> 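First the structure, then my questions, so here it is.
Just so it is clear, the model here is predicted, and its values are computed rather than measured. Protein chains get the first letters and strands the later ones, always in sequence-line order, with residue 1 at the start of each. In what follows, every heavy atom counts, from backbone to side chain, and hydrogens, waters and symmetry copies are set aside.
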Amino acid sequence: GAGVSQSPSNKVTEKGKDVELRCDPISGHTALYWYRQSLGQGLEFLIYFQGNSAPDKSGLPSDRFSAERTGGSVSTLTIQRTQQEDSAVYLCASSAPGQRSYEQYFGPGTRLTVT
Amino acid sequence: AQKVTQAQTEISVVEKEDVTLDCVYETRDTTYYLFWYKQPPSGELVFLIRRNSFDEQNEISGRYSWNFQKSTSSFNFTITASQVVDSAVYFCALSEAPEGSNYQLIWGAGTKLIIKP
């Protein structure tokens with residue numbers, strides 16, 4: 001079946017611009033995670049959504065970062081006033097409800113370059 | 001605090017050799033989950049295995065095997081008879097039993113495995 005998809009695959013933006021990154025989770029997966037992979041910080045958790053519950057935003061690095069999930073499916077990660085340190089690969093993962101909810105399946109990522 | 005350490009930054013072996021990737025973790029929880037993911041040059045993270053803290057039974061899947069030892073807080077990964085296609089970055093990760101259902105992953109730094117033909 002279809003896996004997690006992310007768009008765009010690559011994004012180059014100028015410092016100070018806003019960007020939106022999109023994630024389509026696996027159908028039926030109720031949990032959705034955003035992570036960031038950068039050279040300096042490795043892989044780090046950003047935000048978690050579960051169904052219609054309030055998201056866990058504890059990993060967002062600054063208030064320039066926000067995310068929403070519409071209809072319990074597609075999610076958008078928005079970075080306002082981008083900075084060069086935001087350059088990274090942004091990864092989305094989803095997991096199924098129930099006993100295997102801890103197994104996360106990842107999309108191909110969006111490589112963000114801030115110039 | 002929780003932490004995952006992969007001390008081997010890069011390992012290079014010749015094809016058909018066996019290779020072990022080390023992973024040491026720290027957690028105060030008694031219930032937790034350990035994972036290995038593979039990230040090939042294409043970039044997509046591929047789930048390999050998950051172990052629960054209450055199940056120390058080792059696991060073998062084809063050429064892959066995992067050794068979980070709570071006494072040393074280690075979850076090592078061995079590839080037997082390595083192949084060039086095994087070349088990738090391998091990540092060990094930890095998830096603690098959440099208060100809610102957020103099984104966020106705490107990641108090691110990764111080990112880059114190079115298999116030479």
> Report the distance from atom CG of Leu45(B) to atom CG of Leu43(A), rounding to the nearest 0.5 Å.
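The distance works out to 6.0 Å.
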> Which atoms form the tightest heavy-atom contact between Phe45(A) and Gln104(B), and what is the distance?
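Nearest heavy atoms, Phe45(A) then Gln104(B): CD2-NE2, 3.2 Å.
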> Is any side-chain heavy atom of Glu103(A) closer than 4.5 Å to one of Phe47(B)?
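Heavy-atom side-chain distance check passes, below 4.5 Å.
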> What distance do Asn102(B) atom CG and Ser95(A) atom OG have between them, rounded to the nearest 0.5 Å?
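So the gap between those two atoms works out to 9.5 Å.
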> Could you grab the distance from atom CG of Leu105(B) to atom CD of Gln104(A), nearest 0.5 Å is fine?
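Reported value, rounded in 0.5 Å steps: 4.0 Å.
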> When you look at CZ of Arg51(B), are more than 12 heavy atoms from neighbouring residues, nucleotides or ligands closer to it than 6.0 Å?
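Yes - once you tally the heavy atoms of other residues, nucleotides and ligands closer than 6.0 Å, there are more than 12.
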> What about Ile106(B) and Val89(A), same hydrophobic cluster or not, with Ile/Leu/Val/Met/Phe/Trp/Tyr joined at side-chain heavy-atom distances under 4.5 Å?
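Ile106(B) and Val89(A): separate clusters.
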> Is the number of heavy atoms from other residues, nucleotides or ligands under 6.0 Å of Glu10(B) CD greater than 12?
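Yes, because the 6.0 Å sphere around CD of Glu10(B) holds more than 12 heavy atoms from other groups.
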> For Pro108(A) versus Glu44(B), what's the shortest heavy-atom pair and its separation?
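Heavy atoms of Pro108(A) and Glu44(B) come nearest at CB-OE1, 3.7 Å.
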> Measure centre to centre between the rings of Phe106(A) and Tyr37(B), then say whether the value is under 6.0 Å.
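Under 6.0 Å, so yes.
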> Using heavy-atom distances under 4.5 Å, tell me whether Phe49(A) contacts chain B through its side chain, its backbone, both, or neither.
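Looking at Phe49(A), nothing touches chain B.
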> Is it the case that more than 12 heavy atoms not belonging to Lys38(B) sit under 6.0 Å from its NZ atom?
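More than 12 within 6.0 Å, yes.
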> Tell me if the CG atom of Asn52(A) is crowded by more than 12 foreign heavy atoms within 6.0 Å.
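Counting other residues, nucleotides and ligands, CG of Asn52(A) stays at 12 neighbours or fewer.
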> Kindly say whether Tyr103(B) contributes a backbone atom to a donor-acceptor pair with the side chain of Tyr33(A) at under 3.5 angstrom?
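Confirmed, Tyr33(A) side chain pairs with Tyr103(B) backbone.
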> Can you tell me if Lys15(A) has over 12 outside heavy atoms packed within less than 6.0 Å of its NZ?
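Counting neighbours around NZ of Lys15(A), 12 or fewer heavy atoms of other residues, nucleotides or ligands fall under 6.0 Å, so no.
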> State plainly whether one hydrophobic cluster holds both Tyr25(B) and Phe91(B), where clusters connect Ile, Leu, Val, Met, Phe, Trp and Tyr through side-chain heavy atoms under 4.5 angstrom apart.
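In one cluster: no.
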> Chain B heavy atoms under 4.5 Å from Ser53(A): which part of the residue, side chain, backbone, both or neither?
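Nothing of Ser53(A), per the 4.5 Å heavy-atom cut-off to chain B.
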